[in-house]
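Everything numeric in this text was worked out from a predicted model, so none of it was measured.
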Amino acid sequence: DPWRTFFSTPTPTCRVTPSNSYLYFAAFFCFWKVAGPRSLYHCDAHEKLAKIWGFWVHLCIDGYSRLILYLVVTTDKKPASVRRIFREACDAPGVGWAARVRWDKGSENAGAIEEQLAHHQALGGDGWRTCAITGRSMQNCPAEYIWNFYKRAVSGAYRELFFRMMRQLRVLDVDNPEDLFCLQVV
């Protein structure tokens with residue numbers, strides 16, 4: 001059975017050949033069924049530009065239609081910021097609140113989770129108990145899938161530019177708060 005062979009490989013990665021390339025895509029891109037639009041939203045934050053330069057990118061995607069509800073860059077990862085972004089997106093015309101939302105277990109999501117629970121409690125019934133799902137970030141497949149495209153199309157270019165500004169041009173010093181402020185404002 002090729003599936004069993006692939007998943008029981010002791011190394012963390014498997015050599016991809018033309019004969020087993022379908023296994024690679026099946027292993028790293030999850031396939032699932034969602035009942036319909038606004039049944040399940042997937043929310044996540046991308047921190048690759050945050051560690052050095054202080055840019056956090058927040059994402060929410062509809063699990064059924066793959067519609068990106070928001071893709072927002074902020075200079076912080078505070079629960080109040082994530083809550084505000086999530087609420088504004090759900091209250092936007094044509095978007096609406098999802099029956100369930102999937103987040104990772106990061107503390108920055110606490111405000112948005114509270115907002116989701118409060119919205120569903122106001123509607124009444126027992127649905128509010130299962131409207132917020134948390135788990136490991138890697139289990140949030142649709143959001144992780146979008147990050148691959150985001151890295152190739154957007155953040156990769158900025159990352160190269162910022163490193164060039166630091167190393168070759170020497171106009172950016174990440175230890176200087178004024179330099180970081182100017183970078184974030186521009």
Side-chain angles (χ1 to χ4, degrees), residues 38 40-63 65-122 128 131-186:
R38 292 190 296 222
L40 180 62
Y41 289 169
H42 301 269
C43 301
D44 197 16
H46 188 67
E47 301 172 357
K48 301 299 185 227
L49 294 176
K51 294 177 182 177
I52 301 173
W53 303 289
F55 292 108
W56 281 268
V57 183
H58 302 279
L59 166 76
C60 187
I61 182 172
D62 184 349
S65 65
R66 308 296 196 265
L67 173 71
I68 296 176
L69 304 173
Y70 62 79
L71 184 63
V72 179
V73 178
T74 63
T75 56
D76 66 48
K77 195 173 90 163
K78 296 178 181 171
S81 299
V82 177
R83 179 184 211 147
R84 179 186 49 78
I85 294 167
F86 179 72
R87 180 163 185 89
E88 287 175 3
C90 290
D91 286 340
V95 177
W97 291 78
R100 296 172 9 157
V101 182
R102 169 80 170 75
W103 286 280
D104 62 17
K105 292 185 177 185
S107 61
E108 74 276 5
N109 298 320
I113 291 170
E114 290 171 4
E115 197 69 36
Q116 175 78 357
L117 291 170
H119 175 78
H120 283 279
Q121 280 179 329
W128 68 272
C131 69
I133 305 166
T134 59
R136 293 181 354 171
S137 183
M138 291 307 295
Q139 294 170 334
N140 205 353
C141 293
E144 296 300 326
Y145 182 71
I146 294 296
W147 291 136
N148 289 328
F149 292 108
Y150 172 79
K151 183 178 176 184
R152 279 185 268 146
V154 180
S155 71
Y158 281 105
R159 189 177 166 93
E160 288 177 23
L161 174 66
F162 296 160
F163 272 125
R164 185 170 177 260
M165 290 170 64
M166 285 171 49
R167 294 178 180 155
Q168 291 176 350
L169 303 176
R170 298 183 191 270
V171 295
L172 177 63
D173 179 12
V174 294
D175 295 326
N176 185 343
E178 293 172 350
D179 281 4
L180 283 180
F181 176 77
C182 291
L183 178 69
Q184 293 169 352
V185 169
V186 173

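Atom SG of C43 sits about 5.5 Å away from atom CH2 of W103, to the nearest 0.5 Å. Within the model, atoms CD of Q121 and CD of E114 stand 10.5 Å from one another, a figure rounded to the nearest 0.5 Å. Note that the CG atom of L71 and the CD1 atom of I146 stand 8.5 Å from one another [nearest 0.5 Å]. Here the straight-line distance linking atom CZ of F86 with atom CG of D91 works out to 9.5 Å at 0.5 Å rounding. Between the CH2 atom in W56 and the CG atom in D76 there is a gap of 7.0 Å [rounded to 0.5 Å]. Q184 CD to L49 CG: the interatomic distance, rounded to the nearest 0.5 Å, is 11.0 Å.
Not counting sequence neighbours, the partners of K77 by the salt bridge (Lys or Arg N to Asp or Glu O under 4.0 Å) test are E47, E108. Looking at residues two or more places apart in sequence or on another chain, you find a side chain to side chain contact (heavy atoms under 4.5 Å, CB included) between L67 and D62, S65, L69. Residues forming a salt bridge (Lys or Arg N to Asp or Glu O under 4.0 Å) with R84 (at least two apart in sequence, or on another chain): E88. Legend: residues meeting ring pair (Phe, Tyr, Trp, His ring centres under 6.0 Å) with H58, ordered by chain and number and at least two apart, are absent.
Between L183 and L172 there is a side-chain heavy-atom pair separated by less than 4.5 Å. Residues I68 and Y150 are not in side-chain contact: their nearest non-hydrogen atoms beyond the backbone lie 4.5 Å or more apart. Side-chain contact between L59 and W147: present, with at least one pair of heavy atoms (C-beta onward) separated by less than 4.5 Å.
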Extract all donor-acceptor atom pairs below 3.5 Å that involve side chains of residues 158-171 and protein atoms in other chains or at least two apart in sequence.
{"from": "R164", "atom 1": "NE", "to": "Q168", "atom 2": "OE1", "distance (Å)": "3.1"}

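When all heavy atoms of G96 and Y41 are compared, the pair lying nearest together is O-OH, 2.9 Å. Considering every non-hydrogen atom in both S107 and P79, the closest pair reads O-CG, 3.5 Å. Closest of all the heavy-atom pairs between C131 and L117 is SG-CD2, 3.6 Å. Annotation for A98 and H120: closest pair O-NE2, 2.8 Å, computed over non-hydrogen atoms. Here the shortest heavy-atom pairing between A132 and I113 reads CB-CG2, 3.9 Å.
Counting only distance, with no hydrogens or angles, the side chain of R38 and the backbone of A99 share no donor-acceptor pair below 3.5 Å. D44 contributes no side-chain N or O that, together with a main-chain N or O of D104, makes up a donor-acceptor pair within less than 3.5 Å.
Applying the salt bridge (charged side-chain N to carboxylate O under 4.0 Å, His left out) test to residues at least two apart or on different chains, none of the pairs has a partner in residues 171-186.
Using a 30° and 60° split on the angle between ring planes, W97 and H119 fall in the parallel class, below 30°.
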